[in-house]
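Working notes for the structure below.
Below, each value reflects all heavy atoms present in this structure, side chains not excepted, and no hydrogens, waters or symmetry copies.
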Amino acid sequence: MPNNQACFFQGENFTGRSLCVTPGQVIADVSDYGMNNTFSSAIIPAGLNISVYQYSDFGGDNLILSGNVYSLDVYGRFWNNQISSIDFRY
């Protein structure tokens with residue numbers, strides 16, 4: 001995994017199927033990648049932030065992630081398996 005990629009994983013602790021994005025990349029609907037509402041953990045490179053959204057097309061609540069997230073449950077049950085769009089325009 002290149003240093004600047006952020007990767008989201010289906011399982012906690014960076015396990016299972018993953019989807020990686022690079023700075024500048026925007027995904028309006030992760031279901032286009034067969035991964036809607038499936039993420040449970042994420043690796044975010046140091047010094048970078050990434051915005052995730054509850055619904056496709058950047059709708060609903062959003063959360064800015066930085067650093068590694070071993071379990072999205074730390075942000076409440078609301079975020080585990082609830083990410084539908086990603087904005088990495090930093």
Side-chain angles (χ1 to χ4, degrees):
M1 176 176 70
N3 302 11
N4 62 345
Q5 279 190 331
C7 294
F8 293 86
F9 297 84
Q10 285 185 320
E12 293 183 347
N13 299 311
F14 322 122
T15 60
R17 208 168 139 212
S18 65
L19 174 66
C20 296
V21 294
T22 56
Q25 189 172 2
V26 175
I27 300 176
D29 191 347
V30 296
S31 67
D32 292 343
Y33 298 84
M35 310 260 315
N36 193 39
N37 296 333
T38 63
F39 301 125
S40 295
S41 60
I43 294 176
I44 313 295
L48 297 177
N49 297 312
I50 189 165
S51 297
V52 295
Y53 295 81
Q54 178 185 14
Y55 302 129
S56 61
D57 296 318
F58 315 104
D61 289 328
N62 76 305
L63 177 68
I64 297 175
L65 300 173
S66 61
N68 294 340
V69 180
Y70 294 88
S71 173
L72 285 164
D73 279 336
V74 300
Y75 296 102
R77 294 197 64 190
F78 176 77
W79 285 103
N80 189 43
N81 296 323
Q82 293 299 313
I83 295 171
S84 295
S85 52
I86 299 170
D87 185 347
F88 200 8
R89 288 184 285 188
Y90 285 52

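Screening residues 20-32 for side chain to side chain donor-acceptor pair (under 3.5 Å), with sequence neighbours left out, gives Asp29-Ser31. Applying the side chain to side chain donor-acceptor pair (under 3.5 Å) test to residues at least two apart or on different chains, the pairs with a partner in residues 62-72 are Glu12-Ser71. Screening residues 18-42 for ring pair (Phe, Tyr, Trp, His ring centres under 6.0 Å), with sequence neighbours left out, gives Phe8-Phe39.
Of all the heavy atoms in Met35 and Ser18, the pair that sits closest is CE-C, 4.0 Å. When all heavy atoms are compared, the tightest approach of Gln10 to Ser40 is O-OG, 3.0 Å. Pro45 and Ala6 make their closest contact through CD-CA, 4.0 Å (heavy atoms, listed as atom of the first residue, atom of the second, distance). Across all their heavy atoms, Pro23 and Leu48 have their closest contact at CG-CD1, 4.4 Å. Between Leu65 and Val69 the shortest heavy-atom distance is CD2-CG2, 4.2 Å.
Put simply, CD1 on Ile27 and CD1 on Ile83 are 11.0 Å apart, with the number rounded to the nearest 0.5 Å. Gln5 CD to Ile50 CD1: the interatomic distance, rounded to the nearest 0.5 Å, is 10.5 Å. Residue Leu19 holds its CG atom at 8.0 Å from SG of Cys7, rounded to the nearest 0.5 Å. Note that CD1 of Ile64 and CG of Asp87 are 9.5 Å apart. Values are rounded to the nearest 0.5 Å.
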Given Ile43 and Phe9, is the side-chain contact (heavy atoms from CB on, under 4.5 Å) satisfied, shown in steps? CA-CA 8 Å; Ile43 294 176; Phe9 297 84; 3.8 Å; yes

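Alongside Tyr53, the hydrophobic cluster contains Val26, Phe58 (criterion: ILVMFWY side chains under 4.5 Å).
Within a 6.0 Å radius of CZ in Phe14, more than 12 heavy atoms belonging to other residues, nucleotides or ligands are found.
Leu72 is not listed as a side-chain neighbour of Val52, based on a closest heavy-atom distance of 4.5 Å or more. Using a 4.5 Å heavy-atom cutoff, the side chains of Trp79 and Val74 are not in contact.
With sequence neighbours excluded, no residue forms a side-chain hydrogen bond (donor to acceptor under 3.5 Å, both in side chains) with Ser85. For Asn37, the side-chain hydrogen bond (donor to acceptor under 3.5 Å, both in side chains) partners two or more places apart in sequence, or in a different chain, are Ser84.
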